[in-house]
Amino acid sequence: MGCRHLFFAAVITFSAALITYNIIISANASLNQEFPGQSATKSSVDPIITMPTKKTRRRLFHTAVTASDSIYNTWQSRVMYYWFKQQKLRHPNSDMGGFTRILHTGKPDRFMDEIPTFVANPLPDGIDQGYIVLNRPWAFVQWLQQVNIEEDYILMSEPDHILVKPIPNLSRDGLGAAFPFFYIEPKKYEKVLRKFFPEERGPITNIDPIGNSPVIVGKDALKKIAPTWMNVSLAMKKDPEADKAFGWVLEMYAYAVASAFHGVGNILYKEFMIQPPWDTTIGKSYIIHYTYGCDYDLKGKMTYGKIGEWRFDKRSYDNVWPPRNLSLPPPGVPESVVTLVKMVNEATANIPNWGS
């Protein structure tokens with residue numbers, strides 16, 4: 001019995017010593033647990049392992065603007081490109097990719113180094129019948145056929161567009177993104193449009209109330225649409241009934257028809273752009289389209305249809321460059337008009353050799 005008690009006492013003493021040893025070793029041991037093959041000289045701090053994050057692929061679009069070499073088109077193109085660069089500079093992670101001015105004069109001009117430019121041939125003499133806009137679809141056909149465009153999408157824009165914020169790629173699911181124009185009314189002109197969009201192509205409502213600009217559309221889709229757009233434009237101009245019905249927006253109807261002809265529908269974005277003076281606030285819009293004249297008296301009341309005491313109208317500068325530092329509108333004039341003039345002034349103040 002004495003030996004048994006002595007044995008148990010020894011076991012208990014050894015166990016206590018072992019536990020004490022482990023406690024001491026644990027208290028002084030590094031918390032770092034090395035992975036196999038890991039050097040013992042590395043930091044004793046546990047590595048932080050982060051879960052991989054899903055990166056959203058940017059859907060870049062290329063901005064294309066058609067223009068002639070007239071003073072009227074040129075000064076607008078220079079202002080437009082200035083603001084394109086500013087938005088890209090201020091928002092480098094936007095969907096905005098490259099830029100091309102498609103110059104449909106058949107010859108370079110002196111602004112090739114300032115604005116990235118593709119020179120397209122104009123239509124043969126007499127084909128446009130004085131309607132110069134018919135050169136637009138033909139110019140797009142040439143550009144799409146001859147240039148390797150890196151982006152998968154195209155934004156068709158115009159010289160009299162000013163970008164007030166970066167434009168996201170609004171197109172999705174194979175649909176284009178377009179601004180709806182109240183004066184493009186396919187249903188009203190169904191009889192005329194059926195000459196170019198036969199019934200087997202679907203209901204007339206497949207033709208969206210759009211023009212070609214502003215439109216964001218897939219590059220591959222536009223390569224199919226553009227030749228049809230050109231041919232329908234020319235056919236409409238040759239058709240007296242269509243020419244009379246559509247007038248100065250004929251080429252816009254032709255694009256809407258061509259898009260529907262190839263089954264490319266469009267998401268309509270009313271907030272794509274505003275058109276002063278009728279739209280008075282910027283809101284969520286991306287583009288100011290200054291197609292209308294802005295006339296006001298000195299009390300800030302609009303005098304549309306009558307030249308105002310204060311005015312801004314792009315047509316005042318069809319043969320001359322607008323001066324730097326245009327006078328600002330009087331108090332009471334809407335935000336959209338004030339912003340337009342301020343943005344024109346900023347561009348002209350910063351563009352070298354303005355007016356030369």
Side-chain angles (χ1 to χ4, degrees), residues 65-84 86-87 130-133 157-165 179-185 209 211 213-214 246-252 269-351 353-356:
V65 177
T66 56
S68 72
D69 60 357
S70 66
I71 291 176
Y72 178 70
N73 261 185
T74 300
W75 72 257
Q76 292 172 41
S77 297
R78 296 180 81 189
V79 170
M80 197 277 178
Y81 184 56
Y82 171 85
W83 280 109
F84 171 86
Q86 289 300 308
Q87 298 304 346
Y131 182 53
I132 194 172
V133 185
S157 191
E158 296 184 24
D160 60 352
H161 287 178
I162 289 182
L163 277 58
V164 293
K165 56 174 70 80
F179 177 81
F181 291 91
F182 72 89
Y183 50 77
I184 302 297
E185 303 174 276
S213 174
F246 303 140
W248 63 277
V249 295
L250 180 148
E251 164 267 343
M252 296 173 68
Y269 284 96
K270 186 70 173 69
E271 294 178 332
F272 210 145
M273 71 180 185
I274 59 168
Q275 302 184 96
W278 309 113
D279 297 310
T280 57
T281 59
I282 303 296
K284 298 179 180 179
S285 296
Y286 303 102
I287 296 170
I288 295 177
H289 181 208
Y290 52 101
T291 188
Y292 300 106
C294 302
D295 289 276
Y296 294 86
D297 64 21
L298 295 183
K299 295 181 180 179
K301 181 181 178 182
M302 186 168 68
T303 62
Y304 192 79
K306 176 184 176 182
I307 294 178
E309 296 172 280
W310 180 93
R311 79 180 323 227
F312 175 78
D313 188 339
K314 65 179 183 178
R315 295 163 191 82
S316 300
Y317 308 104
D318 57 350
N319 289 310
V320 295
W321 296 79
R324 283 175 164 154
N325 198 26
L326 293 166
S327 65
L328 294 178
V333 171
E335 172 201 22
S336 61
V337 179
V338 176
T339 303
L340 165 62
V341 177
K342 285 183 175 180
M343 293 185 80
V344 170
N345 279 346
E346 179 178 330
T348 60
N350 288 282
I351 295 173
N353 303 315
W354 182 256
S356 64

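Excluded from the calculations below are hydrogen atoms, water molecules and symmetry mates; all remaining heavy atoms, backbone and side chain alike, are included.
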- Item | Electrostatic pair R315-D313, nearest N-O below 4.0 angstrom | yes

- Given T339, I162, N325, the one that forms side chain to side chain contact (heavy atoms under 4.5 Å, CB included) with V344: I162

- Query: Hey, are the side chains of S157 and F84 touching, using non-hydrogen atoms and a 4.5 Å cut-off?
  - Reply: no

- Query: Which atom names give the shortest non-hydrogen contact between M80 and L163, and what distance separates them?
  - Reply: CE-CD1, 3.7 Å

- Only one of H161, Q87, K165, E271 clears side chain to side chain contact (heavy atoms under 4.5 Å, CB included) with Y286; which? K165

- Item | Candidate pair W321 and R78, rule side-chain contact (heavy atoms from CB on, under 4.5 Å), full reasoning | CA-CA 11 Å; W321 296 79; R78 296 180 81 189; 3.4 Å; yes

- Note on the structure: Taken to the nearest 0.5 Å, the spacing of K270 NZ from F181 CZ works out to 10.0 Å

- Message: Set out, in order, the CA-CA distance, both residues' side-chain angles and the distance that settles side-chain contact (heavy atoms from CB on, under 4.5 Å) for I71 and Y317, then state yes or no.
- Response: CA-CA 8 Å; I71 291 176; Y317 308 104; over 6 Å; no

- When you measure from the side chain of Q275 to the backbone N and O of T291, does any donor-acceptor pair fall under 3.5 Å? no

- Output for pair (S336 OG, I274 CD1), nearest 0.5 Å, gives 5.0 Å

- Item | Verdict with supporting geometry, Y290 and F312, side-chain contact (heavy atoms from CB on, under 4.5 Å) | CA-CA 9 Å; Y290 52 101; F312 175 78; 3.9 Å; yes

- Task: Could you tell me whether the side chain of K342 reaches within less than 4.5 Å of the side chain of L328, counting heavy atoms only?
- Result: yes

- Message: Atom CG of residue position L298 - does it have more than 12 heavy atoms of other residues, nucleotides or ligands inside 6.0 Å?
- Response: yes

- Item | Side chain proximity check, Y183 to M252, heavy atoms < 4.5 angstrom | yes

- Message: What I'd like to find out is whether the side chain of Y296 reaches to under 4.5 Å of the side chain of V337, using heavy atoms alone.
- Response: yes

- Query: Any side-chain heavy-atom pair from P322 and W354 closer than 4.5 angstrom?
  - Reply: yes

- Query: Does a donor on one side chain and an acceptor on the other come within less than 3.5 Å for E251 and Y131?
  - Reply: no

- Interatomic distance, S316 atom OG to I307 atom CD1 [nearest 0.5 angstrom]: 7.5 Å

- Task: Kindly indicate, with the supporting measurements, whether the criterion side-chain contact (heavy atoms from CB on, under 4.5 Å) is fulfilled by I288 and W83.
- Result: CA-CA 11 Å; I288 295 177; W83 280 109; over 6 Å; no

- Counting N and O atoms only, with roles assigned by atom type, does the side chain of N345 sit under 3.5 Å from a partner on the main chain of L326, one being a donor and the other an acceptor? yes

- Note on the structure: Closest non-hydrogen atoms of G293 and P277, given as atom of the first, atom of the second and distance, are O-CD, 3.5 Å

- Smallest separation among heavy atoms of Q76 and D160, with atom names: OE1-CB, 3.2 Å

- Write down the atom of P330, the atom of D297, and the distance for their closest heavy-atom approach. CG-O, 3.4 Å

- Message: Holding to side chain to side chain donor-acceptor pair (under 3.5 Å), I want the full list of residues that pass it with S68, two or more places apart in sequence or in another chain.
- Response: S70, N73

- Any chance you could measure M302, atom CE, to T280, atom OG1, to the nearest 0.5 Å? 10.0 Å

- Measuring from W75:CH2 to D318:CG, what's the distance to the nearest 0.5 Å? 10.0 Å

- Kindly compute the distance separating CZ (R311) from CG (D295), expressed to the nearest 0.5 Å. 4.0 Å

- Any side-chain heavy-atom pair of C294 and W310 under 4.5 Å: yes

